[in-house]
Amino acid sequence: TIKRFRTNTELVVQAGTFGEGDVFAWTLSTENYYRLTEWWKVTLGIKAEIISGDERQGDGDLQTFNPLYPRGGYFGLLALVGPANLMDIHPSLHLSIDKKWQLNLDWDFFWRHQLADGVYFPSGRINVAGNASQERFIGHQPGLQLAYAVNRFFELETSYFLFFPGHFLKEVSGNEIFTQFGFSMSLKF
């Protein structure tokens with residue numbers, strides 16, 4: 001039924017000039033969720049994004065999307081990939097075990113949008129230049145988050161993420177697997 005389905009789709013375009021060159025960059029993203037059951041509240045999700053990258057380096061024009069002020073962990077707390085020159089698909093599974101416990105499982109897959117452009121940090125700074133490889137697949141990142149709401153104002157969360165390099169990163173920077181364990185507290189008032 002429609003009450004169980006949630007969706008959000010956004011298109012952002014950046015246009016103007018940059019020095020002597022032109023700026024035309026964009027991003028298109030969608031997120032869709034479907035709640036399967038009322039008991040335990042199991043929700044399936046899928047997010048997808050295309051974020052423009054620079055088509056030709058050195059031509060004076062800029063097509064790499066600038067996220068301006070993105071949050072640090074744009075694709076999870078393990079912040080290795082930022083929202084520029086990117087295509088990603090992000091399936092997820094969310095379980096509301098009861099009013100206090102939440103479990104999220106997700107897996108994000110990343111590709112470069114333009115082969116002439118590189119991979120960026122969440123801050124917008126270049127992480128790995130792209131001109132040394134014609135590979136598109138950056139890598140994939142599974143994650144798990146477990147949250148406990150102590151009360152309506154205070155929440156504890158623990159998370160674990162892994163990042164496995166894809167063909168692009170293996171070719172230009174090695175085969176290192178990144179891992180992160182995190183613990184956070186949220187106070188809402």
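We count residues from 1, following the sequence as given. Just so it is clear, the values below take in all heavy atoms, side chains as well, and ignore hydrogens, waters and symmetry mates.
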Assigning hydrophobic clusters by single linkage (Ile, Leu, Val, Met, Phe, Trp, Tyr; side-chain heavy-atom cutoff under 4.5 Å), is [X] placed with [Y]?
| X | Y | result |
| --- | --- | --- |
| Val172 | Phe178 | yes |
| Ile177 | Tyr160 | yes |
| Val42 | Ile97 | yes |

Mind checking the [atom1]-[atom2] spacing from [X] to [Y]? Nearest 0.5 Å is all I need.
| X | Y | atom1 | atom2 | result |
| --- | --- | --- | --- | --- |
| Phe137 | Glu171 | CZ | CD | 14.0 Å |
| Ser159 | Phe183 | OG | CZ | 10.5 Å |
| Phe24 | Gln14 | CZ | CD | 10.0 Å |
| Ser133 | Leu169 | OG | CG | 9.0 Å |
| Leu105 | His94 | CG | NE2 | 10.5 Å |
| Gln102 | Leu146 | CD | CG | 9.5 Å |

*Apply side-chain contact (heavy atoms from CB on, under 4.5 Å) to the pair Trp101 and Leu95, showing each step before the final yes or no.*
CA-CA 8 Å; Trp101 290 96; Leu95 290 98; over 6 Å; no
Got a donor-acceptor contact below 3.5 angstrom from the [X] side chain to the [Y] backbone?
| X | Y | answer |
| --- | --- | --- |
| Lys100 | Val150 | yes |
| Asn85 | Thr64 | no |
| Asn8 | Glu31 | no |
| Gln63 | Glu55 | yes |
| Arg136 | Phe168 | no |
| Arg112 | Glu135 | yes |
| Ser92 | Trp107 | no |

*Apply side-chain contact (heavy atoms from CB on, under 4.5 Å) to the pair Phe65 and Val12, showing each step before the final yes or no.*
CA-CA 9 Å; Phe65 182 77; Val12 178; 3.9 Å; yes
*Quick one: hydrophobic cluster around Phe18, which other residues, with the 4.5 Å side-chain cut-off, linked directly or via members?*
Val23, Leu62
Minimal non-hydrogen separation, [X] against [Y], with atom names:
| X | Y | answer |
| --- | --- | --- |
| Gln114 | Gly53 | CG-O, 3.3 Å |
| Asn151 | Phe153 | OD1-N, 2.8 Å |
| Leu156 | Met185 | CD2-CG, 3.3 Å |
| Ile138 | Trp111 | CD1-C, 3.6 Å |
| Ile50 | Trp26 | CG2-CH2, 3.3 Å |
| Ala116 | Gln57 | O-NE2, 2.7 Å |

*Contacts of Thr9 that satisfy side-chain contact (heavy atoms from CB on, under 4.5 Å) - sequence neighbours left out*: Thr7, Leu28, Thr30
*Could you check Phe163, Phe164, Phe109 and say which one makes a side-chain contact (heavy atoms from CB on, under 4.5 Å) with Gln141?*
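The residue from Phe163, Phe164, Phe109 that satisfies side-chain contact (heavy atoms from CB on, under 4.5 Å) with Gln141 turns out to be Phe163.
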*Between Phe161 and Asp106, is any pair of side-chain heavy atoms under 4.5 Å apart?*
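A side-chain contact under 4.5 Å exists here.
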_Using side-chain contact (heavy atoms from CB on, under 4.5 Å), reason through Leu44 and Leu93 one step at a time and then give a plain yes or no._
CA-CA 5 Å; Leu44 295 176; Leu93 174 69; 3.5 Å; yes
_Residue pair Asn127, Tyr120: steps toward the side-chain contact (heavy atoms from CB on, under 4.5 Å) verdict_ = CA-CA 5 Å; Asn127 182 349; Tyr120 292 79; 5.6 Å; no
_Using 30° and 60° as the class boundaries, would you call the ring planes of Phe5 and Tyr34 parallel, tilted or perpendicular?_
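Rings of Phe5 and Tyr34: tilted, 30 to 60°.
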